[in-house]
Amino acid sequence: MRNSVLAAVAAVAFLAGVAVAKPNFTGDWKLNPSKSSFGDFPAPSSMTMKIGHEDPNLKVATSMASDRGEFTWEAAYTTDGKECTNTMRDNESKSVVTWEGDTLIINTKASFGGNDVTINDKWTLAGDGKTLTVERKFTSSQGEMVQKMAMEKP
């Protein structure tokens, strides 16, 4: 009987450990345009993300090129639900980052050219760790738009 109880406790402890393990997004990621959609925005000609993730710290350096030129920005977050402030093209943004199971949720509020914008990201990592999917929803006074970006490790 004692061995059965110990085995059950060990199994519960193991499953609890599995349940709390979160994906690690660290790596160099490159956009796969054929698996992505950009809504009403034109697709960039290239996009990369360099991510450093040591939970709760998350740093993201993004580079993007399009018809409008090249654009880079860096952001630092914490995944513990505390508000984080970043700057993109002289515009301050405030983000709250939390986990929903294995999905990282990044909710950002900013103002660009006098327009208040809310950006809601959902990050998921494929089981093999080679594809990061970013589902992004923009909301502003001009409406809503949804994007889906498939980022792959080269």
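Note that the structure is predicted; figures quoted are calculated from it, not measured. Here, residue 1 is the first one in the sequence, and each next residue gets the next number.
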Side chains of [X] and [Y] in contact at under 4.5 Å (non-hydrogen atoms):
| X | Y | result |
| --- | --- | --- |
| Val117 | Ser111 | no |
| Glu152 | Lys30 | no |
| Thr133 | Leu125 | no |
| Phe138 | Glu144 | no |
| Trp73 | Met64 | yes |
| Thr48 | Trp29 | no |
| Pro23 | Trp123 | no |

Kindly confirm or rule out a cation-pi arrangement of Arg89 over Phe112, judged by NZ or CZ under 6.0 Å from the six-membered ring centre and within 45° of its axis?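 No cation-pi geometry.
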Roughly how far apart are [X] [atom1] and [Y] [atom2], rounded to 0.5 Å?
| X | Y | atom1 | atom2 | result |
| --- | --- | --- | --- | --- |
| Lys148 | Glu135 | NZ | CD | 6.0 Å |
| Ile105 | Asn120 | CD1 | CG | 8.5 Å |
| Ser45 | Leu31 | OG | CG | 10.0 Å |
| Asn24 | Ile51 | CG | CD1 | 9.5 Å |
| Asp80 | Lys82 | CG | NZ | 5.0 Å |

[X] side chain to [Y] main-chain N or O, any donor-acceptor pair under 3.5 Å?
| X | Y | answer |
| --- | --- | --- |
| Thr62 | Thr72 | no |
| Ser36 | Ala150 | yes |
| Ser140 | Gln142 | yes |

*Below 4.0 angstrom, N of the basic side chain to O of the carboxylate: do Glu92 and Lys94 qualify?*
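Yes, this pair counts.
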- Carboxylate-amine/guanidinium contact Asp28 Lys50, below 4.0 Å: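 The answer is yes: the pair qualifies as a salt bridge.
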Cluster check [X], [Y]: I/L/V/M/F/W/Y, side chain < 4.5 angstrom:
| X | Y | result |
| --- | --- | --- |
| Val134 | Met88 | yes |
| Ile119 | Ile106 | yes |
| Met149 | Val146 | no |

Over 12 non-hydrogen atoms of neighbours within 6.0 angstrom of [atom1] in [X]:
| X | atom1 | result |
| --- | --- | --- |
| Asp40 | CG | no |
| Glu83 | CD | yes |
| Asn115 | CG | yes |

Go through Tyr77 and Asn57 one step at a time and tell me if the side-chain contact (heavy atoms from CB on, under 4.5 Å) criterion holds.
-> CA-CA 6 Å; Tyr77 308 99; Asn57 298 308; over 6 Å; no
Looking only at non-hydrogen atoms, find the nearest pair between [X] and [Y] and report the distance.
| X | Y | value |
| --- | --- | --- |
| Cys84 | Ala76 | CB-O, 3.8 Å |
| Ser95 | Thr108 | OG-OG1, 2.7 Å |
| Val97 | Thr78 | CB-O, 3.3 Å |

Apply salt bridge (Lys or Arg N to Asp or Glu O under 4.0 Å) to residues Asp121 and Arg136 and explain how you reach the verdict. CA-CA 4 Å; Asp121 279 5; Arg136 179 168 291 157; 2.7 Å; yes
- When you check the side-chain N and O atoms of Thr118 and Thr139, is any donor under 3.5 Å from an acceptor?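 On atom types as modelled, these side chains do not qualify, holding no pair under 3.5 Å.
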Please step through salt bridge (Lys or Arg N to Asp or Glu O under 4.0 Å) for the pair Lys59 and Glu74, ending with a clear verdict.
CA-CA 7 Å; Lys59 292 187 178 184; Glu74 293 184 13; over 6 Å; no
Would Leu58 and Leu104 count as a side-chain contact (heavy atoms from CB on, under 4.5 Å) here? Give the steps. CA-CA 11 Å; Leu58 178 69; Leu104 191 66; 3.6 Å; yes
Angle class for the Trp99/His53 ring planes (parallel below 30°, perpendicular above 60°, tilted otherwise)?
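Parallel, since the angle between the ring planes stays under 30°.
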Show your working on side-chain contact (heavy atoms from CB on, under 4.5 Å) between Ser93 and Thr85 and close with a plain yes or no. CA-CA 6 Å; Ser93 64; Thr85 302; over 6 Å; no
Self-check item: Check against side-chain hydrogen bond (donor to acceptor under 3.5 Å, both in side chains), Asp55 and Thr79
Solution: CA-CA 7 Å; Asp55 216 39; Thr79 62; 2.5 Å; yes
